[in-house]
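Before any comments, here is the structure.
FYI, side chains are in, hydrogens and waters are out, and symmetry mates aren't considered; it's all heavy atoms of this structure.
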Amino acid sequence: MPARVLAYMLVDDGDCYTAAGLAEGVGVSPASISGAVRDLTAKRLLVEERVPGSRAKLYRVSESDLGSMILATWIPVLMQWESALSAATIEVCGRGGGGHRLAEATSFVAFLRGETEEMPDRWSDYRREPQ
């Protein structure tokens, strides 16, 4: 659901959205929206604002470098996978069989994490280059 909400906000012409407006735009229940905006604001992809004199909240897409922020959300996930695969590799590889595939998957995730950590700098350089 967070991906659907973010995609809607990126393509829609509006600047700020209420939870009800997001629910209508995405075509889901307001209850579905609350978890999605909570996730997206925690990842700093959305900014939550209060309407002065009201309890209502408005949500807008962060004005920061959205690409780098998206990449930053992947790094902890890749670190978890790498840790889990590494622990499994240590346990399983001595037993033969498919352990080499597990070791390969561990290496790949470690590589992917390292590349992902470097991507924000490369993305920044790319954005500055004339296209």
Within-4.5 Å side-chain heavy-atom neighbours: [X] and [Y]:
X   : Y    : result
L71 : I75  : no
R38 : K43  : no
V47 : R60  : yes
L58 : E48  : no
R44 : S62  : no
L78 : E117 : no

Spacing of [X] atom [atom1] and [Y] atom [atom2] [to the nearest 0.5 Å]:
X    : Y    : atom1 : atom2 : value
Y59  : L45  : OH    : CG    : 14.5 Å
W81  : L112 : CH2   : CG    : 8.0 Å
L22  : M1   : CG    : CE    : 11.0 Å
E115 : R122 : CD    : CZ    : 5.0 Å
Q80  : L85  : CD    : CG    : 11.5 Å

Check ion pair K57-E49 (N to O, under 4.0 angstrom): no

Is there a chain of hydrophobic side chains (I, L, V, M, F, W, Y, each step under 4.5 Å between heavy atoms) that links [X] to [Y]?
X   : Y    : answer
M79 : M119 : no
V51 : L46  : no
L66 : Y8   : yes
L10 : L40  : yes

Minimum heavy-atom separation for [X] to [Y], with atom names?
X    : Y    : value
D39  : P2   : OD2-CG, 3.3 Å
V5   : A36  : CG2-CB, 3.7 Å
I70  : T73  : O-OG1, 2.6 Å
R50  : R55  : NH1-O, 2.9 Å
V109 : E82  : CG1-N, 3.6 Å
S68  : P120 : OG-CB, 3.6 Å

Ring geometry between F108 and F111 (parallel below 30°, tilted from 30 to 60°, perpendicular above 60°): tilted

Among V37, V61, D12, side-chain contact (heavy atoms from CB on, under 4.5 Å) partner for Y17: D12

Polar side chain donor-acceptor pair, S29 to S32, under 3.5 angstrom: yes

R128 versus S124, side-chain donor and acceptor atoms under 3.5 Å: yes

Sidechain-backbone polar pair: S34 side chain, A31 backbone, donor-acceptor under 3.5 Å: yes

